[in-house]
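Scroll down for the structure; my scribbles are underneath it.
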Amino acid sequence: MNFRRAADLIQQAESIVLIPHLNPDGDALGSVLGLYHALKSDHKTHLKAVSHDPVPEIYRFLPDWQEVDSDPQPITTFDLAIVCDMSQLTRAGKQADLARTARKILQIDHHVPQETFADERLVDTKAAATAEIVYRLLRAMKHPIEAEVAQCLLTGIVTDTFSFKFPNTTPQSLRIAADLQARGANVSDINEQVFESRSFSSVKLLGLTLSTLKRSADGRIAWVLISRETFEKAGATEEETEGIVNYVRSIRGVDIAFMMREAQEKKIRVSLRSRGKVDVAAIARVFNGGGHENAAGCTLEMSLPHAEKRLLAEVMSWMESSISTNPSA
Ligand SMILES: [Mn+2]
């Protein structure tokens, strides 16, 4: 990673647009808003944060979240687009065009690279969160990190490590988190906001969803399904499915957990989670999805029962092949 070249791009640009991935999570938004707040003090003539989707309710405590525009006028050509937390530009959704028309693209990410679309890439697959790389960039630029910036970046680390519980947590994640806390961020506030302030409808959805729980005969695979009907019954939206899959993953003996939700008719979004050395990103890639070893996602364009069978068959065959090639697993 060449922080120097990335810093030069930022310093030379007069107009910058910041873009998180669609269905933005705490890391994508924390990275974008951390950068937004930091760069705002540099008096860029034009600085904008745009997103395919509006900021989800649970992240509306982040400083400047109202500045994220999900319906910008598409007339501006920016000097620089900074895309955060995505390995494919299509993950920017309808904002991908703003990146494509920008004079330069800087990609900051920690996913396994899938395509080359950026002029400069700060990609570290060992980083627990994109926010860690943003932190390192700001430090390399000797840019001040104010409390607001620290709160955004720490939110990215807390959400992507699931409060430092996932195995992606490294000594570096903890060191960066400690420094951000020292600069005014607050890990307990973030946990309260993100994990302990659910809406009534999301808890109702959790209950209805967990009642669909199934597992494979050997108990190593467990999953839940959310139909359109379930969403309606709970009065919940898709963003309120956040975190449900972790309950499934927490079951003793489960190596692979997944949640399938009917986003639209014949559009099934899948969240996959695994324990230890089980690479669910490889399974997601079969369906043109992606992600990390222990957390990945994909979309299947078919009915919910059909998608369930199709994905389960893929997970089962992956399990069998991993057992035959790795007898110690
Ligand atoms: Mn991330």
Side-chain angles (χ1 to χ4, degrees), residues 1 6 18-36 49 51-53 55-56 58-59 62 65 68 82-93 95-96 99 106-115 117-118 121-138 149-170 172-174 176-177 180 185 187 190-191 193-195 239 241-243 245-246 249 269-274 279-281 284-285 289-298:
M1 288 195 292
L18 301 158
I19 315 175
H21 57 72
L22 39 86
N23 296 317
D25 59 13
D27 187 29
L29 285 169
S31 297
V32 159
L33 286 170
L35 271 171
Y36 182 89
S51 165
H52 178 88
D53 299 291
V55 174
I58 56 166
Y59 299 119
L62 291 170
W65 73 266
V68 179
I82 306 181
V83 297
C84 293
D85 206 33
M86 66 186 100
S87 56
Q88 290 171 299
L89 201 48
T90 51
R91 293 275 294 142
Q95 310 302 0
L106 167 63
Q107 174 192 12
I108 309 179
D109 188 32
H110 66 136
H111 295 86
V112 177
Q114 278 182 291
E115 65 175 26
F117 60 84
R121 306 163 64 225
L122 295 178
V123 177
D124 178 3
T125 56
K126 296 259 182 296
T130 294
E132 284 183 19
I133 309 169
V134 172
Y135 168 89
R136 288 161 67 192
L137 171 65
L138 291 174
V149 178
Q151 185 78 340
C152 292
L153 299 183
L154 188 54
T155 299
I157 299 171
V158 166
T159 53
D160 265 22
T161 60
F162 196 40
S163 300
F164 309 105
K165 285 186 266 190
F166 282 168
N168 61 354
T169 310
T170 64
Q172 178 162 259
S173 318
L174 294 166
I176 294 175
L180 291 170
V187 76
I190 294 168
N191 274 298
Q193 294 282 357
V194 177
F195 299 111
E239 69 179 55
T241 60
E242 180 94 39
V245 69
N246 296 317
R249 181 190 169 275
R269 273 206 263 270
V270 184
S271 301
L272 287 143
R273 296 290 182 275
S274 68
D279 184 11
V280 283
R285 279 196 293 273
H292 309 283
E293 184 168 281
N294 297 117
C298 57

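Counting starts at 1 for both ligands and their atoms, in listed order.
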Report yes or no: does Gln114 contribute a side-chain atom to a donor-acceptor pair with the main-chain N or O of Gly289 at less than 3.5 Å? yes
Can you tell me if, anywhere in Asp25, an N/O/S atom lies at a distance from the Mn ion (ligand 1) that is smaller than 2.8 Å? no
Does the side chain of His110 come under 3.5 Å of the side chain of Asn168 through a donor N or O and an acceptor N or O? no
Parallel, tilted or perpendicular for His292 and His111, by the 30°/60° rule? parallel
Between Asp27 atom OD2 and Asp160 atom OD2, the angle centred on the Mn ion (ligand 1) rounds (to 10°) to 90°
Which atom of Val32 lies closest to which atom of Ile19, heavy atoms considered: CG2-C, 3.7 Å
Apex the Mn ion (ligand 1) - arms OD1 from Asp85 and NE2 from His110 - angle rounded to 10°: 80°
Just checking: Asp109, one of its N/O/S atoms, less than 2.8 Å away from the Mn ion (ligand 1), yes or no? no
Has His111 got an N/O/S atom less than 2.8 Å from the Mn ion (ligand 1)? no
Nearest heavy atoms of Pro56 and Pro24, plus distance in Å: CG-O, 3.7 Å
